[in-house]
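Beneath this line is the structure, given in structure tokens, with notes to follow.
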Amino acid sequence: MTEQSPHVERALHEDVAIAPYDPAWPQRFEEEKRYLLELLPEDLTGRIEHFGSTAVPGLAAKPIVDMLVEVASLEAVRDDIAPVLQAQGYEFFWRPTALGNTDIGYAWFIKRDADGNRTHHIHMLEKNSPYWERLLFRDYLIAHPEVAQEYAALKFRCASEHGHDRKAYAKAKSDFIARVTRMAERYYAAH
């Protein structure tokens with residue numbers, strides 16, 4: 001078994017806690033978006049989107065703002081973006097295409113507050129990445145509050161069962177997310 005870096009070990013073993021919806025989450029997204037646009041080379045970044053549960057009004061979530069950032073390439077992230085963000089205290093990771101897979105799917109950064117708590121997850125994707133479909137999931141939950149509440153109940157249950165294992169927590173939600181994403185694809189194709 002290979003030894004992982006301390007920041008990877010820390011990230012994997014932090015507890016999962018679900019909080020009630022906080023109406024400040026969209027503002028925290030906007031503030032971070034402005035900061036990133038000022039900080040990063042503009043020729044290397046494109047659109048920046050708020051996604052995940054904190055982007056769905058009324059939905060309980062881990063109190064961490066998820067962001068998708070379009071980048072020119074993952075090589076540009078490695079060479080030009082990661083050094084800038086790491087110098088600002090962001091933790092940098094390569095994320096696999098799927099749980100248990102080793103192929104790189106996207107670059108991921110964790111931003112923390114002064115107490116060491118996660119405040120933002122920044123996912124950097126190329127323009128053609130399949131991970132942009134996460135926006136369909138977000139939009140479908142916004143348009144279908146009953147499905148969002150079903151998701152909230154699942155998240156509370158998964159956090160209760162897997163609160164000390166982030167990988168197990170994510171895996172426990174994966175079937176629901178895949179099912180709703182397929183529903184969203186059909187829904188938005190028809191509308």
Side-chain angles (χ1 to χ4, degrees), residues 4-14 16 24-56 59 61-114 116-142 166-167 169-171 173-174 177-178 180-181 184-185:
Q4 296 180 342
S5 69
H7 81 278
V8 171
E9 283 294 323
R10 176 185 185 189
L12 287 173
H13 294 100
E14 291 175 303
V16 174
W25 288 336
Q27 181 60 34
R28 288 179 44 208
F29 162 75
E30 290 296 336
E31 290 167 359
E32 185 67 12
K33 178 180 176 178
R34 280 193 298 276
Y35 182 70
L36 291 173
L37 289 171
E38 291 171 9
L39 188 65
L40 299 176
E42 65 182 64
D43 62 322
L44 299 181
T45 57
R47 67 183 172 154
I48 299 176
E49 297 277 351
H50 187 188
F51 82 106
S53 296
T54 61
V56 179
L59 183 56
K62 294 186 304 291
I64 304 163
V65 173
D66 280 302
M67 303 175 70
L68 293 176
V69 177
E70 181 183 334
V71 293
S73 69
L74 294 180
E75 292 80 16
V77 173
R78 180 193 63 223
D79 297 340
D80 301 310
I81 295 174
V84 171
L85 291 178
Q86 287 176 301
Q88 297 296 314
Y90 293 72
E91 297 171 17
F92 174 48
F93 306 81
W94 289 114
R95 295 295 300 262
T97 53
L99 289 175
N101 193 332
T102 57
D103 295 335
I104 293 174
Y106 58 93
W108 189 54
F109 295 85
I110 295 176
K111 182 177 184 177
R112 296 180 183 274
D113 64 18
N117 299 310
R118 297 179 189 207
T119 61
H120 296 77
H121 288 165
I122 301 165
H123 306 72
M124 296 202 169
L125 315 172
E126 294 175 337
K127 185 175 188 171
N128 61 350
S129 171
Y131 290 97
W132 287 105
E133 75 181 12
R134 294 171 175 189
L135 298 177
L136 291 174
F137 181 75
R138 174 203 66 190
D139 293 348
Y140 193 83
L141 293 182
I142 291 170
R166 283 185 171 263
K167 281 186 177 180
Y169 170 81
K171 186 174 171 62
K173 299 184 311 169
S174 63
I177 293 169
V180 172
T181 299
E185 288 168 348

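Residues take their numbers from the sequence shown, with the count starting at 1.
Taking the ring axis of Tyr35 as reference, the NZ or CZ atom of Lys111 stays within 45° of it and closer than 6.0 Å to the ring centre.
Rounded to the nearest 0.5 Å, atoms OH (Tyr90) and CG (Leu36) are 5.0 Å apart. Atom-to-atom distance recorded for Tyr169:OH and Lys62:NZ is 4.5 Å, nearest 0.5 angstrom. The CD1 atom of Ile64 sits 9.0 Å away from the OG1 atom of Thr54 when rounded to the nearest 0.5 Å. With values rounded to the nearest 0.5 angstrom, Trp25 atom CH2 is found 13.0 Å from Thr119 atom OG1.
Ile48 places a side-chain heavy atom less than 4.5 Å from the side chain of Val69. Between Leu68 and Trp132, some side-chain heavy-atom pair lies under the 4.5 Å cut-off. Contact check for Phe92 versus Leu85: no side-chain heavy atoms found under the 4.5 Å cut-off. Taking the side chain as every heavy atom from C-beta outward, Leu59 and Leu141 approach each other to under 4.5 Å. Using a 4.5 Å heavy-atom threshold, the side chains of Leu40 and Asp80 count as separate.
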side-chain contact (heavy atoms from CB on, under 4.5 Å) assessment of Val77 paired with Tyr106: CA-CA 10 Å; Val77 173; Tyr106 58 93; over 6 Å; no

side-chain contact (heavy atoms from CB on, under 4.5 Å) between His50 and Lys33, worked out: CA-CA 9 Å; His50 187 188; Lys33 178 180 176 178; over 6 Å; no

Verdict with supporting geometry, Glu32 and Val65, side-chain contact (heavy atoms from CB on, under 4.5 Å): CA-CA 9 Å; Glu32 185 67 12; Val65 173; over 6 Å; no

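By the side-chain contact (heavy atoms from CB on, under 4.5 Å) test, Pro26 pairs with Tyr21, sequence neighbours left out. Qualifying side chain to side chain donor-acceptor pair (under 3.5 Å) partners for Glu31, counting only residues two or more places apart in sequence or in other chains: Gln27.
Nearest approach of Lys171 to Ser174, heavy atoms of both residues: O-OG, 2.7 Å. The minimum heavy-atom distance linking Leu44 with Ala76 is given by the pair CD2-CB, 3.9 Å.
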Cut-off 3.5 Å, no hydrogens considered: what does the side-chain donor-acceptor table look like for residues 120-127, sequence neighbours left out?
residue, atom, partner, partner atom, Å
His120, NE2, Arg28, O, 3.4
His121, ND1, Asp66, OD1, 3.4
His121, NE2, Arg118, NH1, 3.0
His123, ND1, Met67, O, 3.1
His123, NE2, Trp108, NE1, 3.3
Glu126, OE2, Leu74, N, 3.0

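With respect to the salt-bridge test (charged N to carboxylate O, under 4.0 angstrom), the residues Glu49 and Arg134 do not qualify.
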